[in-house]
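To start, the structure itself, in structure tokens.
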Amino acid sequence: MYIARIRIRNYRCFQDATIEFQPGLNVIIGENNAGKTTLLRALMLVFERRSRSRPTVHDFYRLLDPLDAPPTITVEVTVQSSATDTPSDRALIASWLTRLEAPWEAQLTYSFFLPEQHVLEFNAAIQAAE
């Protein structure tokens with residue numbers, strides 16, 4: 001199995017972006033501040049459970065207009081089967097399967113809502129950036 005695509009919404013520099021991957025090696029290239037590190041951090045939000053840190057007010061996308069409230073950060077990762085998969089691989093993500101026909105797919109979604117007590121801090125950060 002492999003990561004077939006990731007959709008990132010309202011996280012750091014991404015308002016709404018979908019990145020497609022292919023089986024095998026994928027290379028992420030781009031200029032400085034293009035979002036390479038943010039893409040990797042978005043994957044960590046979904047897959048890295050042990051050292052998962054919660055997003056902060058500075059991780060929310062800020063260029064929405066109008067911005068009355070903090071947006072929700074959402075990261076959706078679609079995993080797809082490949083030719084080398086075993087039944088154990090499918091069992092590993094069985095509860096997330098969204099398509100059972102070959103190639104089967106599973107989707108994992110991470111959503112983060114800014115806690116109410118941090119909304120004032122978010123609004124202050126937005127005003128300071130203007």
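Quick caveat, the model's predicted, so the values are computed rather than measured.
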Taking atom [atom1] of [X] and atom [atom2] of [Y], what is their separation to the nearest 0.5 Å?
X: E20; Y: N26; atom1: CD; atom2: CG; value: 10.5 Å
X: N10; Y: S111; atom1: CG; atom2: OG; value: 10.5 Å
X: I6; Y: T18; atom1: CD1; atom2: OG1; value: 9.5 Å
X: L108; Y: I93; atom1: CG; atom2: CD1; value: 7.0 Å
X: L39; Y: I19; atom1: CG; atom2: CD1; value: 5.0 Å
X: T56; Y: F112; atom1: OG1; atom2: CZ; value: 8.5 Å

Which residues satisfy the side-chain hydrogen bond (donor to acceptor under 3.5 Å, both in side chains) test with R9, sequence neighbours excluded?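 Partners of R9 by the side-chain hydrogen bond (donor to acceptor under 3.5 Å, both in side chains) criterion, ordered by chain and then number, come out as E76.
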Can you name the salt bridge (Lys or Arg N to Asp or Glu O under 4.0 Å) partners of D89, sequence neighbours left out?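 D89: no salt bridge (Lys or Arg N to Asp or Glu O under 4.0 Å) contacts found.
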Once salt bridge (Lys or Arg N to Asp or Glu O under 4.0 Å) is applied, do any residues pair with E31, and if so which ones, sequence neighbours excluded?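 E31 satisfies salt bridge (Lys or Arg N to Asp or Glu O under 4.0 Å) with no residue once adjacent residues are dropped.
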Is there a side chain to side chain contact (heavy atoms under 4.5 Å, CB included) between D59 and Y11 once you walk through the steps? CA-CA 6 Å; D59 290 323; Y11 184 55; 3.7 Å; yes
Sidechain-backbone polar pair: S81 side chain, W104 backbone, donor-acceptor under 3.5 Å: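 Yes; at least one donor-acceptor contact below 3.5 Å.
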So, R41 side chain and L45 main chain: donor-acceptor pair closer than 3.5 Å or not?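 No: the side chain of R41 does not pair with the backbone of L45.
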Would you call [X] and [Y] a side-chain contact if the rule is heavy atoms closer than 4.5 Å?
X: F47; Y: I3; answer: yes
X: F60; Y: I73; answer: yes
X: R12; Y: Y61; answer: no
X: P55; Y: F113; answer: no

Can you name the closest pair of heavy atoms from [X] and [Y] and give their distance?
X: K36; Y: G30; answer: NZ-O, 3.0 Å
X: C13; Y: A34; answer: SG-O, 4.4 Å
X: F122; Y: L114; answer: CB-CD2, 3.6 Å

Between Y2 and F21, is a ring-ring contact (aromatic ring centres under 6.0 Å, His included) present by the stated rule, with each step listed? CA-CA 8 Å; Y2 70 99; F21 297 97; 8.7 Å; no
Side chain to side chain contact (heavy atoms under 4.5 Å, CB included), that's the test. Do M1 and L92 meet it? Break it down for me. CA-CA 11 Å; M1 72 182 128; L92 179 67; 3.9 Å; yes
Pair listing, salt bridge (Lys or Arg N to Asp or Glu O under 4.0 Å) test, anchored in residues 79-88, at least two apart: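 Sorted result for residues 79-88: empty, none.
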Looking at D16 and R7, does any basic side-chain N land under 4.0 Å from a carboxylate oxygen?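 Answer for the salt bridge query: yes.
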Which residues pass the side chain to side chain contact (heavy atoms under 4.5 Å, CB included) test with I29, sequence neighbours left out?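 Checked I29 against side chain to side chain contact (heavy atoms under 4.5 Å, CB included); matches are V27.
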Please list, chain by chain and in numerical order, all residues satisfying side chain to side chain contact (heavy atoms under 4.5 Å, CB included) with T98, sequence neighbours excluded.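 T98 satisfies side chain to side chain contact (heavy atoms under 4.5 Å, CB included) with E105, Q107 once adjacent residues are dropped.
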Would you please test T109 and V77 for side chain to side chain contact (heavy atoms under 4.5 Å, CB included) and show each step? CA-CA 6 Å; T109 303; V77 176; over 6 Å; no
